[in-house]
Undergrad: 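One structure, as structure tokens, below. Some questions next.
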2 protein chains.
Amino acid sequence: MSTGPAFKRLPRAVREQQMLDAAVKVFSRRGFHAASMDEIAEDAGISKPMVYAYLGTKEELFVACLHREGTRMMQAIAGAAAPDLPADERLWRGLRAFFGFVGAYRDGWAVLYRQARGEQPFATELATMRARLVEVVAGMLDHALRAEGREVAGADLEVVAYALVGATESLADWLADHPEADAEKTATRMMNVAWLGAGQLLSGVTWCPPTD
Amino acid sequence: MSTGPAFKRLPRAVREQQMLDAAVKVFSRRGFHAASMDEIAEDAGISKPMVYAYLGTKEELFVACLHREGTRMMQAIAGAAAPDLPADERLWRGLRAFFGFVGAYRDGWAVLYRQARGEQPFATELATMRARLVEVVAGMLDHALRAEGREVAGADLEVVAYALVGATESLADWLADHPEADAEKTATRMMNVAWLGAGQLLSGVTWCPPTD
DNA sequence: GAGCATACCTACTCGTGCGTAGGGTTACGC
DNA sequence: GCGTAACCCTACGCACGAGTAGGTATGCTC
């Protein structure tokens, strides 16, 4: 007369992914501190001790989320940026891949990143990832410059790259908040700002503060 | 034989400012949730019930911080952007004022904003402020465009403005993390990226995705 | 079908930190 | 000098949520 187990027993690997899905969802909705392990467990359709057994403490769980989403993003971008292409082509492909990723994982990405910014333990983790991106962009600009036989101080390039990455993240946030918006179009907009600006700089045009 | 009161009795207005100073400091160091009212009180040289008596609950206290810093920032920028100047001049002055502000209040500003991003109750408050900035920048671009007799869809302008604001905030974060960096120089860098990019767009140059 | 590992649960402990009750002390008006 | 209002404190109640103890059921191997 027993109805049997209401929910199936599943292999570890599957449950871990379900837990991570739930964790990303709840963390993004509530923020790291406000999220409760109980809610994550419930959302994953499992009880709390299972989460601790598989993914460890709350911090470790968050790091696992960060890691999975970060890896997904890097993979999405990695293929796009073949180093032998011209700089504008590389930038365009990179941006398209990036916004494509954000568009697909709106919920996950943007808010995870918004969360990780504030909390000390994770901010460094995030900063490392961003540093990698900045380095790639700076390297690309540098490459393009050398191809024209000119050179710019590394620090300057890095700051420019930093600004570009910041602008991109900002538009990614915007995209995440506007479900109706189109990822491809957003990428084009970003490319306009980034490339026409970078293009000018690459051609040696420089703006100087007025001497008043 | 009594040594008298170790700490002076001070009028409300003074104490409130001390509390806000302490709150900004602690919130920025620890983040909203990790910050404790006890630590804030201790740092302000006062006991906890006083904080509740004057500034209300933790959320209300944080909002008060956000409000004070936000107002300071807006005031810093407000004077700089006289509407009758040419667009590049206005942008330059705005940026200089902005980075000057961030440079002066490194501790307070950047981290307050980093915090407010994540937590739902404050994210909207912040979004409103940012929206005002975006509007100002978009208005400036629009003005410059009309002066040349051209016109661009409002939505497009807004996205471009959004990207510029994002890039600027990103460099502000960078500035806040690099105490040795110079605010003026950072503003110049930002102006290079923003204006040379915006300048191209204003001259009607547009980048189109390659048809492959 | 006995043994064992793995999946899974209910029901707790315990620290932490928000918010408050209730009372003391200094200044200031009259 | 005396009331009254503002300033300020020590000490608590209480809820919430991280992490755990200890036990049950299911599938897999031989």
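Labels below follow one simple rule: chain letters A, B, ... track the order of the sequence lines, proteins then strands, and each chain is numbered from 1.
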Undergrad: Using whole Å, report how far OH of A/Y52 lies from C1' of D/dG17.
TA: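 Taking OH of A/Y52 and C1' of D/dG17, I get 8 Å after rounding.
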
Undergrad: What is the separation between atom CD on A/Q18 and atom C1' on C/dC8, rounded to the nearest whole Å?
TA: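 Rounded to whole Å, this separation is 13 Å.
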
Undergrad: Pick base, sugar-phosphate or nothing for B/A41, based on heavy-atom distances below 4.0 Å to the nucleic acid.
TA: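 Result for B/A41 = nothing.
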
Undergrad: Answer with yes or no whether B/K58 presents, from its side chain, a donor or acceptor under 3.5 Å of a partner atom in the base of C/dG17.
TA: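 No, the side chain and the base share no sub-3.5 Å donor-acceptor pair.
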
Undergrad: Output, in order, the C-alpha distance, side-chain angles, deciding distance and verdict of salt bridge (Lys or Arg N to Asp or Glu O under 4.0 Å) for B/D173 and A/R117.
TA: CA-CA 11 Å; B/D173 272 4; A/R117 263 183 126 77; 2.9 Å; yes

Undergrad: Tell me if the side-chain of A/R15 makes a donor-acceptor pair with the base of C/dA7, cut-off 3.5 Å, by modelled atom types.
TA: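 Checked by distance alone, the answer is no.
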
Undergrad: 5'-most contact on DNA chain C: B/A35 or A/A13, nearest heavy atom basis?
TA: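 It is A/A13 whose nearest nucleotide is closer to the 5' end.
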
Undergrad: Just how far, in rounded Å, is P of C/dC8 from CD of A/E16?
TA: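 Distance check: A/E16 CD to C/dC8 P gives 11 Å.
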
Undergrad: Using a strict cut-off of less than 4.0 Å between a Lys/Arg side-chain nitrogen and an Asp/Glu carboxylate oxygen, indicate whether A/R90 and A/D84 qualify as a salt bridge.
TA: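 Looking at A/D84 together with A/R90, the answer is no, because their closest N to O distance does not fall below 4.0 Å.
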
Undergrad: When the distance from CZ of B/F62 to P of C/dG17 is rounded to whole Å, what number comes out?
TA: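 Result: 17 Å.
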
Undergrad: Examine the base of C/dT6 for any acceptor or donor lying under 3.5 Å from a partner atom in the side chain of A/R12, and report the outcome as yes or no.
TA: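 A donor-acceptor contact between them is absent.
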
Undergrad: To the side chain of A/P49, which of C/dA21, C/dG19, C/dT10 is closest?
TA: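 Given the options C/dA21, C/dG19, C/dT10, the side chain of A/P49 is closest to C/dT10.
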
Undergrad: May I have the distance from A/I46 (atom CD1) to C/dA7 (atom C1'), rounded to whole angstrom?
TA: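 In whole Å, C/dA7 C1' lies 8 Å from A/I46 CD1.
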
Undergrad: Just to be sure I understand the rule, does B/S47 reach a base, reach only the sugar-phosphate, or reach nothing, if contact means heavy atoms closer than 4.0 Å?
TA: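 Touches a base.
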
Undergrad: Which nucleotide wins on minimum distance to the side chain of A/K48, given the candidates D/dC8, D/dG19, C/dC9?
TA: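 Taking heavy atoms from C-beta onward, the closest nucleotide is D/dG19.
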
Undergrad: Considering only side-chain heavy atoms of A/D38, which listed nucleotide, C/dA7, D/dA18, D/dT10, is closest?
TA: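 Within the option list, the nearest is D/dA18.
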
Undergrad: Across the strands shown, which category fits B/A34 at heavy-atom distances under 4.0 angstrom: base, sugar-phosphate, nothing?
TA: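 No contact at all - B/A34 keeps every heavy atom at 4.0 Å or more from the nucleic acid.
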
Undergrad: Please give, in whole Å, the distance from C/dA7 P to A/R9 CZ?
TA: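 Answer to the nearest Å: 8 Å.
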
Undergrad: Atom CD of B/E42 and atom C1' of D/dC8: how far apart are they, to the nearest Å?
TA: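 Distance check: B/E42 CD to D/dC8 C1' gives 16 Å.
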
Undergrad: Rounding to an integer number of Å, can you tell me how far A/M37 CE sits from D/dT20 P?
TA: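 Result: 10 Å.
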
Undergrad: Is there a side-chain hydrogen bond (donor to acceptor under 3.5 Å, both in side chains) between A/Q17 and A/R68 once you walk through the steps?
TA: CA-CA 10 Å; A/Q17 290 309 311; A/R68 192 182 73 169; 2.7 Å; yes

Undergrad: Determine the contact category for A/M50: base if any of its heavy atoms lies under 4.0 Å from a base atom, sugar-phosphate if only primed atoms, P, OP1 or OP2 are that close, otherwise nothing.
TA: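 The residue A/M50 makes base contact.
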
Undergrad: Using the six-membered ring of B/Y52, assess whether NZ or CZ of B/K58 lies under 6.0 Å from its centre and within 45 degrees of the ring axis.
TA: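 The answer is no; the distance or angle limit is not met.
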
Undergrad: Between B/R132 and B/E135, does any side-chain N to carboxylate O distance fall below 4.0 Å?
TA: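 Between B/E135 and B/R132 there is no salt bridge, as every charged N stays at least 4.0 Å from the carboxylate O atoms.
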
Undergrad: Which residue, A/S36 or B/Y54, contacts DNA chain D at a nucleotide closer to its 5' end, judged by nearest heavy atom?
TA: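 The residue whose closest nucleotide sits nearer the 5' end is B/Y54.
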
